[in-house]
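Please read the structure below before turning to the comments.
Residue numbers run from 1 in the order of the sequence given. Since the model is a prediction, treat every value here as computed from it, not as a measurement.
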Amino acid sequence: MDNSKQIIEHCPNFYKIVNFDYFEDDNFTAFLIKVYRNYIFSVDILDEVEIKKVEKIDNVLSKYIDDYIFRKTMKYELAQIKFEHQQNLLQCIINSILGIFDKYEEGRTRNIYIARWI
């Protein structure tokens, strides 16, 4: 049975993410969108932990699209991560993305950005 519709119900930003118009040479964003699609359609719809992770990754990639500063941070941080050959690569990338987001949110609550008005 195809669970695509049920998965998309848990991802309110799905169409915004997959239809994001990124620059032609932005392979990193294309890769993240591909990882997002592969991950959300590979989870077990009956596993609540996985569904919560799908909802969170949906919110994280929505933030990635909307927030330029977060996008720069994500690109830099993911480029620094090393993966082991024995690990499930898709799961490791998703966990790294969620970890980077949590670290970014924690740091953002401590920093106050003052807009510069000209």
* Verdict with supporting geometry, Asp44 and Glu50, side chain to side chain contact (heavy atoms under 4.5 Å, CB included) -> CA-CA 7 Å; Asp44 180 16; Glu50 290 295 317; 5.6 Å; no
* To do: Assess whether side chain to side chain contact (heavy atoms under 4.5 Å, CB included) is satisfied between Ile93 and Phe31, documenting all intermediate values.
  => CA-CA 11 Å; Ile93 293 170; Phe31 174 74; 3.6 Å; yes
* Given Ile51 and Ile7, is the side chain to side chain contact (heavy atoms under 4.5 Å, CB included) satisfied, shown in steps? -> CA-CA 8 Å; Ile51 293 300; Ile7 292 291; 4.3 Å; yes
* Test log, rule side-chain hydrogen bond (donor to acceptor under 3.5 Å, both in side chains), inputs Asp67 and Tyr104 -> CA-CA 12 Å; Asp67 187 352; Tyr104 176 80; 3.0 Å; yes
* Would you sort out whether Tyr22 and Ile33 count as a side chain to side chain contact (heavy atoms under 4.5 Å, CB included), showing the intermediate values? => CA-CA 10 Å; Tyr22 52 87; Ile33 292 171; 3.9 Å; yes
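Cluster annotation: Phe23 and Phe20 are assigned to distinct hydrophobic clusters (Ile/Leu/Val/Met/Phe/Trp/Tyr, side-chain heavy-atom contacts under 4.5 Å, transitive). Criterion: ILVMFWY side-chain heavy atoms under 4.5 Å apart, direct or through other members. Under it, Leu61 and Tyr15 are part of a common hydrophobic cluster. Both Leu46 and Tyr39 are assigned to one and the same hydrophobic cluster, defined by single-linkage of ILVMFWY side chains at heavy-atom distances under 4.5 Å. Taking hydrophobic clusters as Ile, Leu, Val, Met, Phe, Trp and Tyr residues chained together by side-chain heavy-atom distances below 4.5 Å, Ile69 shares a cluster with Met74.
Of the possible polar contacts, none joining the Asp58 side chain to the Val54 backbone as a donor-acceptor pair under 3.5 Å is found.
Ile57 contributes atom CD1, which lies 16.0 Å from atom NE2 of His10 (distance to the nearest 0.5 angstrom). Atoms CG and CG, from Asn95 and Leu90 in turn, are 9.5 Å apart once rounded to the nearest 0.5 Å. Here the NZ-CG distance, from Lys34 to Asn27, works out to 11.0 Å after rounding to the nearest 0.5 Å. Between Ile17 atom CD1 and Asn59 atom CG the span is 8.0 Å, to the nearest 0.5 Å.
Contact detail for Lys16 and Ile65: the closest heavy-atom pair is O-CD1, 3.8 Å. The two residues Ile81 and Ser96 make their nearest non-hydrogen contact at CD1-CB, 3.3 Å. Closest approach of Asp102 and Lys56 over heavy atoms only: OD1-NZ, 2.8 Å. For the pair Val60 and Leu98, the tightest heavy-atom approach, listed with the atom from each and the gap, is CG2-CD2, 4.0 Å.
Shown here is Gln80, whose CD atom has more than 12 heavy atoms of other residues, nucleotides or ligands within 6.0 Å.
Side-chain atoms of Lys103 and Thr73, non-hydrogen and from C-beta on, never get closer than 4.5 Å to each other.
Lys53 and Asp47 are not joined by a salt bridge, as no carboxylate oxygen comes within less than 4.0 angstrom of a charged side-chain nitrogen.
Ring orientation note: the planes of Phe28 and Tyr64 are tilted relative to one another, at an angle of 30° to 60°.
Ring centroids of Phe41 and Phe14 are separated by less than 6.0 Å, placing the two rings close together.
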